Amino acid sequence: MQVVPYNPEGYDLLHKGMIAFSEIQQTGVRIDIDYCHQAHDNLTKEIQVQEEKLYKHKEIKEWKKKYKSKFNLKSSKQMIDILFNEFEYEPLKFTDTVGPNGERTPSTDKEALEAMGLPFTDDLLRKRKLEKLKDTYISNIITETYNGFVYPFLNLHTARTFRSSANSPNVQNIPVRDEESNEIVRRAFIPRDGNYLIEADYGGVEIKGASWNNHDPTLLEYLRNPKTADMHSDFMQLIFCLNHYNSKCAGEKTLRKGTKNGFTFPQFYGDYYGNNAVSLWNWANLKGKKIKKKDGLVLDSGITVGENLIKHKIRTFDQFLNHVKKIEDNMWNKRFTVYRDWKEKTYKWYTKHGYLTSLSGVTFQGIMGKNDAVNYPIQSVSFHCLLWSAIRLVELIKKYKMKTRIVFQIHDSVIGDCPKNEKKDFYELLQQVMCHEIKDFWDFIITPLELEADCSELNGNWSKMKTEMEYIH
DNA sequence: GGAACTCGCCAC
DNA sequence: AAACGTGGCGAGTTCC
């Protein structure tokens, strides 16, 4: 029998967390149910139109002929047969499943179909998107709505990391990045009469959680000096061979974001240069065998990314791959060596003892790979900042007899339903709890914490949020 | 007709 | 040598 340490702090946090989440669930989130029915109808009609459009393509005609009554647009199995056997298109991507003799199944996901770029695949992707919005989101929200409210479960006993999960409905995966999807689904979530919806986020808390674990001096330097140091623009300059960063140049700002999402964060999650190079190469529009001068965004200097890379003797994908490999090497073996050593040390400790603990006092058991072992403690403590804050907010809202209610949370943010006349008080409470009290409670928090509050219009909805408050302490 | 699986896709 | 962490959920497929 494996004996792991019992830590009352971790127990207490999860225990109080479950009670707070239970109260939050019983509070419920208001839903604009009339809007939902209307959106449902609109989507149904649009899907119908899209389907008719789809049936005009030769691929579908062939598909119907072959499968007759078994024809099913949603069967990836049938689609693979039609596209890659009947029409002999080249499979560009494969799923992870490998057969007993090493056979691989062609992928028909968004990325694969986008790469094919046929009129048929484009129309199909549009239909898939609309169906996702209708079936996964709007329909489910309608099913879960009772007297104008949903009561999502917020669970603390399902994730291996002691993060939370949500269901019925899952309020933690509502579209945000894609503008059209955001507007269609988030529009359904509304405040109570006379209220605002306010979403308060911890900024960059996961990378901060990493620094509290590994105490890497380079990383701490970045996080303690957000005004003067910027990790993402530094890596952007390395990747795209620049020696400056101008945040006012649209192209360079986009490159910074692309580097953050395509290199730096994946690296922190345990990814490697091979994947990074492919995603950056495609993302930056450098497709083709050789980079051309006109490729890519326009830089502050007036030339393109493509021209600049050529100047630095990067013309082919292989050269770019090697370049990204060098930056990875530089990242871990020059810049973040203490972080690198912490990863090794943590995994070794796990292989010896069979478990790990987080700064917040929970214990991870079970089979873990190296990436798991170094990610769990980071993910965990980052979410636990939000958890601690949510517990405290619920407690203080009660104590101060406020009318504001916490209605759900999404890993690093809490969503409040706040009366007009309590907005100022609520912002102050958020600052007090999320940036001050928590630092007094947990002395392992050795970087500033950043808080951003986005607010809806009065009697507005979740799709139109404006940043109203930013606070660092 | 349900369980267990795969695939696809949304969030952090 | 190998190579991205955590979830929920809809739909299809296969098996029992």
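Just so we're on the same page: letters track the sequence lines, and every chain starts at 1. Since the model is a prediction, treat every value here as computed from it, not as a measurement.
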* Look at the side-chain N and O atoms of N72(A) and state whether any lies under 4.0 Å from the OP1 or OP2 oxygen of dG12(C). => yes
* Which part of the nucleic acid does T108(A) contact within heavy-atom distance under 4.0 Å: base, sugar-phosphate only, or nothing? -> sugar-phosphate
* Sugar-phosphate only, base, or nothing, as touched by S139(A) at under 4.0 Å among non-hydrogen atoms -> nothing
* Y89(A) and F84(A): aromatic ring centres closer than 6.0 Å? -> no
* Asked: With a 4.0 Å cut-off on heavy atoms, is P175(A) in touch with a base, just the backbone sugar-phosphate, or nothing at all?
  -> sugar-phosphate
* Describe the nucleic acid contact of G270(A) in one word from base, sugar-phosphate, nothing, applying a heavy-atom distance below 4.0 Å. => sugar-phosphate
* Residue R160(A), side-chain atoms from C-beta onward, closest of dG8(C), dT13(C), dG7(C) -> dG7(C)
* Roughly, in whole Å, what's the span from NZ in K127(A) to C1' in dA11(C)? -> 11 Å
* Structure fact -> Span of DNA chain B engaged by chain A, first through last nucleotide within the 4.0 Å heavy-atom cut-off, is dT6(B) to dC12(B)
* Asked: Nearest to the side chain of S75(A), which nucleotide is it out of dT13(C), dC4(C), dT6(C)?
  -> dT13(C)
* Under 4.0 angstrom, heavy atoms only, what part of the nucleic acid is S382(A) near: base, sugar-phosphate, or nothing? -> nothing
* Asked: When all nucleic acid strands are considered with a 4.0 Å heavy-atom cut-off, which category describes V374(A): base, sugar-phosphate, or nothing?
  -> nothing
* Base dG7(C) to side chain Q172(A), donor-acceptor N/O within 3.5 Å cut-off -> no
* Between atom CZ in R163(A) and atom C1' in dG5(C), what is the gap in whole Å? -> 8 Å
* Asked: Distance-only, no hydrogens or angles: does the S211(A) side chain make a donor-acceptor pair with backbone N or O of K208(A) under 3.5 Å?
  -> yes
* Asked: H411(A) has an atom NE2; how far is it from atom C1' of dG7(C), in whole Å?
  -> 6 Å
* For the residue pair W281(A) and F263(A), is the inter-centroid distance of their aromatic rings smaller than 6.0 Å? -> no
* Asked: Can a salt bridge be assigned to the pair E131(A) and R126(A) using a cut-off of 4.0 Å between side-chain N and carboxylate O?
  -> no
* Report which part of the nucleic acid K110(A) touches: base, sugar-phosphate, or nothing (heavy-atom distance under 4.0 Å, all strands). => sugar-phosphate
* Asked: So what does D271(A) hit on the nucleic acid, given a heavy-atom distance under 4.0 Å: a base, only sugar-phosphate, or nothing?
  -> base
* Parallel, tilted or perpendicular: rings of H57(A) and F120(A) (30°, 60°) -> perpendicular
* To do: Using a cut-off of strictly less than 4.0 Å, decide whether S76(A) has a side-chain nitrogen or oxygen near OP1 or OP2 of dG12(C).
  => no
* To do: Return the nearest nucleotide to the side chain of Y376(A); candidates are dC9(C), dG10(C), dG5(C).
  => dG5(C)
* Please answer whether the main-chain N or O of Y151(A) pairs with a side-chain N or O of Q25(A) as donor and acceptor at a distance below 3.5 Å. => yes
* Asked: Base, sugar-phosphate, or nothing: which does D372(A) touch, judged by heavy atoms less than 4.0 Å apart?
  -> sugar-phosphate
* Looking only at side-chain N and O atoms, does T161(A) come under 4.0 Å of OP1 or OP2 in dG5(C)? -> no
* **Rounded interatomic separation in angstrom, taking CG from L156(A) and C1' from dG7(C)** => 13 Å
* Rounded to the nearest angstrom, tell me the gap between atom CG in N371(A) and atom C1' in dA2(C). => 10 Å
* Asked: Any idea which of dA3(C), dC9(C), dT13(C) is nearest the S168(A) side chain?
  -> dC9(C)
* Round to a whole Å and report the spacing from NE2 of H40(A) to C1' of dG10(C). => 13 Å
* Asked: So, R256(A) and D230(A), do they make that salt bridge, N to O below 4.0 Å?
  -> yes
* Evaluate the side-chain proximity of Y339(A) to L219(A): yes if any heavy-atom separation is below 4.5 Å, no if none is. => yes
* Asked: Would you find more than 12 non-hydrogen atoms of other residues, nucleotides or ligands less than 6.0 Å from K129(A) atom NZ?
  -> yes
* Send over the distance from I138(A) CD1 to dC9(C) P, rounded to a whole Å. => 16 Å
* Once you round it to whole Å, what is the distance between C1' of dA1(C) and NZ of K325(A)? -> 13 Å
* To do: Mind checking K74(A) for me? I need base, sugar-phosphate or nothing, with any heavy atom below 4.0 Å counting as a touch.
  => sugar-phosphate
